Amino acid sequence: MQRRGLVIGNWKMNGTLLFTQELACAVRDGVLERIGQQRLSCDLVLCPPFTGLSVARHALSEAPVGLGGQNMSDAVSGPYTGEISGAMLRDVGCSHVLLGHSERRTLFGEENAGIARKMAAAFQEGLQPVICLGETLQERTAERTLEVIRTQWMALVPAILAAAEPHPPWILAYEPVWAIGTGRHATPDQIQEVHGFIRQQLSDHLGATVASRVQILYGGSVTPANAAAIFAQQDVDGGLIGGASLAAATFLAIADAYPKHVSIEE
Ligand code: 13P
């Protein structure tokens with residue numbers, strides 16, 4: 001089967017409303033131009049900060065660009081000061097939500113069990129969760145990368161198995177912590193090794209059909225210069241882009257690097 005390519009822009013904590021308006025409009029214009037020229041080869045999603053979601057939704061309305069939150073609560077509503085629910089993300093027009101980003105894990109103490117609860121809550125709201133997995137430099141140096149990825153993945157399996165069908169598709173993103181915002185991306189070989197391992201884990205726990213369908217994105221210092229080599233890897237289905245998504249030209253240039261026809265054997 002053929003998995004569609006997907007490139008997501010994670011703006012992190014950047015952008016006034018004016019910035020959001022201008023950047024989302026520039027992405028919209030670039031997407032519409034590419035569609036007109038039949039040269040858009042992957043799907044696109046933007047994840048501005050919560051405060052920019054409504055403005056971005058408005059700016060993108062004529063273009064097939066998805067919108068995502070950068071995080072959400074596992075609770076539905078109630079006394080959770082400072083939190084945003086999945087229903088609120090849906091209400092503002094989101095189709096996706098990033099969960100378990102390494103900045104959430106390291107700076108805000110998020111752990112595997114809580115991330116799995118958020119995944120279940122996202123399913124209940126009809127949101128497509130994009131769950132981030134990745135090792136630190138220390139873990140890679142100690143040759144513990146695959147063990148760490150496996151532990152992060154295994155925490156999600158019960159939530160996936162328990163989710164009532166049909167639930168929205170879910171997406172995994174491999175983001176080595178040492179490659180995020182450092183300008184030091186993992187090599188295509190390192191990326192394929194981890195993505196192939198994740199695909200095998202998917203197959204072992206959920207079967208070959210599910211494994212062949214799930215999109216696995218790579219994130220960590222992706223730029224227009226390195227995107228094509230990364231996207232050419234067999235088990236890479238797109239990218240989760242931080243810094244380079246803050247300008248329409250670089251974000252769209254990364255999307256342009258996605259190969260037109262990727263044929264995946266079942
Ligand atoms: P950079 O592309 O800035 O390295 O960030 C990657 C990332 O964390 C996307 O979620």
Side-chain angles (χ1 to χ4, degrees), residues 5-15 19-20 23-24 27 42-50 52-53 56 65-72 89 94-108 110 115 118-119 122 127-137 139-140 145 148-149 152 156 170-188 190-191 194-195 198 215-231 233 236-258:
L6 175 63
V7 173
I8 300 179
N10 174 10
W11 295 7
K12 308 193 179 184
M13 199 175 74
N14 292 292
F19 174 92
T20 302
L23 180 48
V27 170
C42 63
D43 295 329
L44 295 175
V45 172
L46 297 185
C47 300
F50 293 134
L53 286 169
V65 178
L67 193 66
Q70 297 177 14
N71 181 30
M72 62 173 261
L89 293 181
C94 287
S95 48
H96 292 69
V97 61
L98 305 181
L99 296 178
H101 190 282
S102 69
E103 288 150 15
R104 301 293 322 165
R105 292 177 189 259
T106 55
L107 302 175
F108 301 100
E110 292 206 18
I115 293 162
K118 291 184 177 192
M119 185 181 197
L127 289 163
Q128 292 190 45
V130 181
I131 295 130
C132 305
L133 315 172
E135 82 286 2
T136 62
L137 185 57
E139 288 161 344
R140 176 162 280 272
T145 298
V148 169
I149 298 292
Q152 293 173 343
L156 305 174
W170 42 281
I171 297 155
L172 297 176
Y174 170 52
E175 294 208 314
V177 179
W178 48 273
I180 294 176
T182 59
R184 184 184 164 199
H185 68 92
T187 66
Q190 287 172 324
I191 295 168
V194 175
H195 282 228
I198 294 172
Q215 293 163 306
I216 309 176
L217 313 182
Y218 168 77
S221 296
V222 179
T223 66
N226 60 34
I230 293 170
F231 293 161
Q233 300 306 303
V236 177
D237 305 309
L240 181 50
I241 318 302
S245 71
L246 292 172
T250 47
F251 183 60
L252 291 166
I254 289 169
D256 289 342
Y258 198 81

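For the single chain, residues carry numbers from 1 onward in sequence order. Computed from a predicted structure; not experimentally measured. Counting starts at 1 for both ligands and their atoms, following the listed order.
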Flag, side chain of D43 to backbone of L6, donor-acceptor distance under 3.5 Å: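 Absent.
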Partner of Y174 under side chain to side chain donor-acceptor pair (under 3.5 Å), chosen from Q152, E135, Q190: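 Of Q152, E135, Q190, side chain to side chain donor-acceptor pair (under 3.5 Å) with Y174 is met by E135 alone.
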side-chain contact (heavy atoms from CB on, under 4.5 Å) partners for [X], two or more places apart:
X: S102; value: V177, I180
X: L246; value: W11, N14, F19
X: A244; value: I241, T250, I254

Write 'none' if nothing qualifies; otherwise put on separate lines each N/O atom of ligand 1 with a protein N/O atom under 3.5 Å away and their distance to 0.1 Å.
unit_1	atom_1	unit_2	atom_2	d
ligand 1	2 (O)	G242	N	2.9
ligand 1	3 (O)	G243	N	2.8
ligand 1	4 (O)	G181	N	2.6
ligand 1	4 (O)	S221	N	2.7
ligand 1	5 (O)	K12	NZ	3.3
ligand 1	8 (O)	K12	NZ	2.8
ligand 1	8 (O)	H101	NE2	2.8
ligand 1	8 (O)	E175	OE1	3.4
ligand 1	10 (O)	N10	ND2	3.0
ligand 1	10 (O)	H101	NE2	2.9
ligand 1	10 (O)	E175	OE1	3.2
ligand 1	10 (O)	E175	OE2	2.9

Donor-acceptor side-chain pairing of H101 and Q70 below 3.5 angstrom: no
